[in-house]
Amino acid sequence: MNIILLGAPGAGKGTQATRIQENYKVKHISTGDIFRYNIKQQTEIGVLAQSYIQKGQLVPDEVTCKIVEIALNEINNENFMLDGFPRNINQAQVLDKLVKIDKVIDISVDLGALTERICGRRSCTACGNLTHVSRLGGKNTCEKCGGELIQRSDDKEETVKSRLAVYSEQTAPLIEYYKAQGKLVSVNGMGTPDEVFEEVKKVLG
Ligand code: ADP
Ligand code: ZN
């Protein structure tokens, strides 16, 4: 089964993606992770992507579609889960020409709650664990491994505003797009990560 994870920034796509990957046989393809890896290595794509990401804008479709095509070729015929792609109608149309998608899981959240969620988000430099300041009791170390926690540079308030605006204008219309294709399933993203995953399991069967 090939899956798309849809949802606003901060809806919990990354957290659910980890759980889905552990429980179902799907390769996780995250455009955000691919861009961050390229930024770290300062590749040509990384340098270009960084200039958009730091402003909270989408990386141009030519670049994004290309990296997804490469990633899809690399997994040769295994089932996959796309996380962070597509993010606009054009990307969805390009994707429809490349592969068959079975289910689109929309993690729906109250947009008003997102700024707080995203701005408090931290990730572990050692194990990649995602967490939130509200769970840390003032500490800045990973609950799982004790590693150092950092904030993503695009999780600062100014950038987050622009990412949420881009989501409403360009990404939210994909909900209707996939509903029309009969592929959309919605889960309520306002619970704890485990509660949301219970719902995900129900819709994935
Ligand atoms: P989030 O879902 O929390 O916004 P991601 O890690 O998915 O974070 O993406 C981080 C940034 O990478 C986005 O704000 C955007 O600038 C860029 N990006 C990721 N996926 C895409 C995409 N499909 N198209 C264009 N830009 C993208
Ligand atoms: Zn850790």
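In listed order, ligands and their atoms are each counted from 1.
The nearest heavy-atom contact from the protein to atom 26 (N) of ligand 1 is V59 N, 3.0 Å. Here the heavy atom of the protein found nearest to atom 3 (O) of ligand 1 is R163 NH2, 2.9 Å. Nearest non-hydrogen protein atom to atom 17 (C) of ligand 1 is I53 CG1, 3.7 Å.
Looking at T64 against ligand 1, only its side chain comes within 4.0 Å, counting heavy atoms. Residue contacts with ligand 1, taken as heavy atom pairs separated by less than 4.0 Å, involve R152 solely via side-chain atoms from C-beta onward.
Those atoms of ligand 1 with a heavy atom of G84 less than 4.0 angstrom away are 20 (N), 21 (C), 22 (C), 23 (N). Near Q57, meaning under 4.0 Å from one of its heavy atoms, ligand 1 places the atoms 15 (C), 16 (O). Under a 4.0 Å criterion applied to the non-hydrogen atoms of G32, ligand 1 contributes the atoms 5 (P), 6 (O), 9 (O), 19 (C). Every atom of ligand 1 is numbered from 1 in the order shown, and the set under 4.0 Å from a heavy atom of T31 is 19 (C), 20 (N), 21 (C), 23 (N). Close approach of ligand 1 to Q91 (heavy-atom distance below 4.0 Å) involves ligand atoms 22 (C), 23 (N), 24 (N), 25 (C). Atom numbering of ligand 1 starts at 1 in the shown order; those under 4.0 Å from a heavy atom of K13 are 2 (O). Atoms of ligand 1 found under 4.0 Å from any heavy atom of R121, numbered from 1 in the order shown, are 3 (O).
Across all non-hydrogen atoms, the minimal contact from A71 to I29 is CB-CG2, 3.9 Å. Among all heavy-atom pairs drawn from Y24 and G205, the shortest one is OH-O, 3.7 Å. The two residues V160 and D154 have their closest heavy-atom pair at CG2-O, 3.9 Å.
Heavy-atom distances between F35 and ligand 1 reach below 4.0 Å in at least one pair.
The distance cut-off of 2.8 Å around the Zn ion (ligand 2) captures these protein N, O or S atoms, sorted by chain and number: C124 SG, C127 SG, C142 SG, C145 SG.
For NZ of K144, the number of neighbouring non-hydrogen atoms (other residues, nucleotides, ligands) closer than 6.0 Å is 12 at most. Within a 6.0 Å sphere centred on CD of Q42, heavy atoms belonging to other residues, nucleotides or ligands number more than 12. Crowding of N73 atom CG: a count of heavy atoms from other residues, nucleotides or ligands under 6.0 Å exceeding 12. Other residues, nucleotides and ligands contribute at most 12 non-hydrogen atoms within 6.0 Å of the OH atom of Y37. Annotation: K27, atom NZ; neighbour count of heavy atoms from other residues, nucleotides and ligands within 6.0 Å does not exceed 12. Residue-environment remark: CD (Q41) exceeds the threshold of 12 foreign heavy atoms within 6.0 Å.
Paired with L6 under the rule side chain to side chain contact (heavy atoms under 4.5 Å, CB included), one option of D83, I107, L174 passes, and it is L174.
Among Q54, R36, R87, the residue whose heavy atom lies nearest to atom 2 (O) of ligand 1 is R87.
For S162 (side chain) and K55 (main-chain N/O), a donor-acceptor pair under 3.5 Å exists by modelled atom type. Under the 3.5 Å distance criterion, the side-chain polar atoms of D155 are left unmatched by any main-chain donor or acceptor of Q151.
A salt bridge is defined here as a Lys NZ or Arg NE, NH1 or NH2 lying under 4.0 Å from an Asp or Glu carboxylate O, and R19 with E22 fails to meet this definition.
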